[in-house]
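Since the structure comes first, as structure tokens, the remarks are kept for the end.
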Amino acid sequence: MFLGAIIGDVVGSRFEFDNIKTKDFELVTNESCFTDDTVLTIAVMDWCIHAKNPKVDASSYLQKWARKYPYAGYG
């Protein structure tokens, strides 16, 4: 589940502000990159794996990862 979200984010990153209608395009190019979607997906994955205490809030993981990558394009 998480891996599919990350792959989709990287593949679609170059079309984020320039939508296309065709399915005929290269999946990964030099223009492809991860975005805030990948960063926050990894934060949730980190929380799911490491937060053994159900009272641990996901927001601390989201903040930690967002601070690591402040220029990922948060909107």
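Small disclaimer: the values here were computed from a predicted structure and weren't measured.
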>> Taking Leu3 as the starting point, is it possible to reach Val10 by hopping between hydrophobic residues whose side chains are less than 4.5 Å apart?
In response: no

> Which of these passes ring pair (Phe, Tyr, Trp, His ring centres under 6.0 Å) with Phe34: Tyr71, Tyr69, Trp65?
Replying inline: Tyr69

> Side chains of Asp24 and Thr22: is there a donor and an acceptor less than 3.5 Å apart?
Replying inline: no

> About how many Å separate CZ of Phe15 and OG of Ser32, when rounded to the nearest 0.5 Å?
Replying inline: 7.5 Å

> Would you find a donor on one side and an acceptor on the other, under 3.5 Å apart, between the side chain of Asp37 and the backbone of Asp9?
Replying inline: no

> Closest heavy-atom contact between Tyr61 and Ala51?
Replying inline: OH-N, 3.8 Å

> Linking I/L/V/M/F/W/Y whenever their side-chain heavy atoms sit closer than 4.5 Å, directly or via other members, would Ile6 and Val11 fall into one cluster?
Replying inline: no

> Taking it one step at a time, do Thr38 and Thr41 satisfy side-chain contact (heavy atoms from CB on, under 4.5 Å)?
Replying inline: CA-CA 5 Å; Thr38 291; Thr41 297; 5.6 Å; no

>> On a heavy-atom basis, which atom in Asp36 and which in Gly75 lie closest, and how many Å separate them?
In response: OD2-N, 4.2 Å

>> Would a single hydrophobic cluster contain both Phe2 and Leu40, if residues Ile, Leu, Val, Met, Phe, Trp and Tyr are joined by side-chain heavy-atom contacts under 4.5 Å?
In response: yes

> Distance-only, no hydrogens or angles: does the Ser13 side chain make a donor-acceptor pair with backbone N or O of Cys33 under 3.5 Å?
Replying inline: yes

> Taking atom CG of Asp57 and atom CH2 of Trp47, what is their separation to the nearest 0.5 Å?
Replying inline: 8.0 Å

> Are Leu27 and Ile7 connected in a single hydrophobic cluster, I mean Ile/Leu/Val/Met/Phe/Trp/Tyr linked by side-chain heavy atoms less than 4.5 Å apart?
Replying inline: yes

> NZ/Lys64 to CD1/Ile42 distance, rounded to the nearest 0.5 angstrom?
Replying inline: 11.0 Å

> Looking at CD1 of Ile20 and CZ of Arg14, how far apart are the two atoms once the value is rounded to the nearest 0.5 Å?
Replying inline: 7.0 Å

